[in-house]
Amino acid sequence: LFGPECSGKSTLASALAAHYKGVLSSEYLRTYAQHIWDTQKRTVARQDISHLMEGQFEAQQQALEQASSRGCPAFMDTNIEQLDVYFTYYFGANWGQIPPNMRPLKDQVIYLLTKPDIPWEADDLRDQPLARETLFSIFKTYLDQKKARYMVISGSHKERLKQACEFINKTWPNLHV
């Protein structure tokens with residue numbers, strides 16, 4: 001799943017993993033950022049970039065390996081390319097780049113771009129309640145430039161799950177449950 005903060009990615013990823021009996025890869029960025037907030041009372045900084053990339057990549061690889069061994073799909077609450085967008089937004093275009101070996105293969109991934117049309121919920125980490133539409137546009141532009149297969153997901157949680165399942169089933173018809 002792909003999109004700005006507080007746009008329903010985690011909720012939808014969990015629902016999809018349950019619906020398809022798949023593997024869920026949680027958002028490494030959130031786990032790491034919460035840890036440094038709790039232990040150091042600071043936010044993610046440039047010094048954290050390589051650790052975040054490695055941690056997200058490892059989480060993705062573990063989910064993909066589990067899914068492969070179980071013969072089921074993997075659902076990424078976020079993926080490493082989400083970090084690419086966030087790093088550029090927060091640290092500027094010269095932050096670096098995701099190594100090519102960490103990027104997903106284009107024919108093996110679809111993106112569910114979550115629209116921020118649900119209420120924003122504050123927590124320790126969320127800091128962009130007024131920039132969600134701007135960030136959504138940045139995420140969409142990123143996918144358009146990649147010529148990625150994606151669908152914009154919006155509406156209630158129930159509507160989002162229905163839209164996502166229809167897109168997944170159309171893209172991968174043999175994945176029906």
**Q** Do Gln128 and Trp120 get their side chains close enough for a donor-acceptor pair, meaning under 3.5 Å?
**A**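 Side-chain D/A pair, Gln128 to Trp120: absent.
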
**Q** Identify the two heavy atoms, one from Leu24 and one from Ala17, that lie closest to each other, and give their separation to 0.1 Å.
**A**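 Smallest interatomic distance, heavy atoms only, reads CB-CB, 3.9 Å.
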
**Q** Answer with yes or no whether the side chains of Asp77 and Ser26 bring together a donor and an acceptor at under 3.5 Å.
**A**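 Per modelled atom types, Ser26 and Asp77 side chains form no pair under 3.5 Å.
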
**Q** Please work out whether the ring planes of Tyr90 and Tyr86 are parallel, tilted or perpendicular, with thresholds of 30° and 60°.
**A**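 Ring orientation, 0 to 90° scale: tilted.
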
**Q** Side chains of Thr88 and Trp95: do they bring a donor and an acceptor to under 3.5 Å?
**A**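 Indeed, the side chains of Thr88 and Trp95 share at least one donor-acceptor pair under 3.5 Å.
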
**Q** Using 4.0 Å as the upper bound for N to carboxylate O, is an ion pair formed by Lys162 and Glu166?
**A**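 Yes, charged N to carboxylate O under 4.0 Å.
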
**Q** Taking the side chain as every heavy atom from C-beta outward, state whether Thr78 and Leu29 have any atom pair closer than 4.5 Å.
**A**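 The answer is no, as the side chains (C-beta and beyond) never meet within the 4.5 Å cut-off.
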
**Q** Quick check: does any side chain N or O of Arg46 sit under 3.5 Å from a backbone N or O of Phe91, one acting as donor and the other as acceptor?
**A**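 Such a contact is found between Arg46 side chain and Phe91 backbone.
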
**Q** With distance as the sole test, does Gln60 use its side chain to make a donor-acceptor pair with the main-chain N or O of Ser25 at under 3.5 Å?
**A**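 A pair under 3.5 Å: no.
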
**Q** Please check if atom NE2 in His51 has more than 12 non-hydrogen atoms from other residues, nucleotides or ligands closer than 6.0 Å.
**A**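 More than 12 within 6.0 Å, yes.
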
**Q** Just by modelled atom types, is the Leu64 backbone N or O under 3.5 Å from a matching donor or acceptor in the Ser68 side chain?
**A**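 Not a single qualifying donor-acceptor pair exists.
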
**Q** Does atom NZ of Lys41 have more than 12 heavy-atom neighbours, drawn from other residues, nucleotides or ligands, at distances under 6.0 Å?
**A**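 Enclosed: over 12 neighbouring heavy atoms sit under 6.0 Å from NZ of Lys41.
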
**Q** With the side chain counted from C-beta on, respond yes when Leu16 and Cys165 share a heavy-atom pair under 4.5 Å apart, and no when they do not.
**A**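 Of all side-chain heavy-atom pairs linking Cys165 with Leu16, at least one is under 4.5 Å.
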
**Q** Inspect the surroundings of CD in Gln47 and state if more than 12 heavy atoms from other residues, nucleotides or ligands are less than 6.0 Å away.
**A**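 Correct, the count exceeds 12.
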
**Q** Which of these, Tyr150, Tyr111, Phe136, sits in a ring pair (Phe, Tyr, Trp, His ring centres under 6.0 Å) with Phe2?
**A**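 Result for ring pair (Phe, Tyr, Trp, His ring centres under 6.0 Å) with Phe2: Tyr111.
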
**Q** Is there a donor-acceptor pair closer than 3.5 Å between any side-chain N or O of Gln163 and the backbone N or O of Met151?
**A**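 Absent.
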
**Q** Are there more than 12 heavy atoms of other residues, nucleotides or ligands under 6.0 Å from atom NZ of Lys146?
**A**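 Correct, the count exceeds 12.
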
**Q** So does Gln97 have more than 12 non-hydrogen atoms from other groups sitting under 6.0 Å from CD?
**A**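 Incorrect, the count does not exceed 12.
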
**Q** Is there a side-chain contact between Gln82 and Phe139 in this structure, where contact means two heavy atoms from C-beta onward sitting under 4.5 Å apart?
**A**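 Result yes, sub-4.5 Å side-chain heavy-atom pair found.
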
**Q** Once you round to the nearest 0.5 Å, how far does NZ of Lys140 lie from CD of Glu133?
**A**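 Those atoms lie 12.5 Å apart.
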
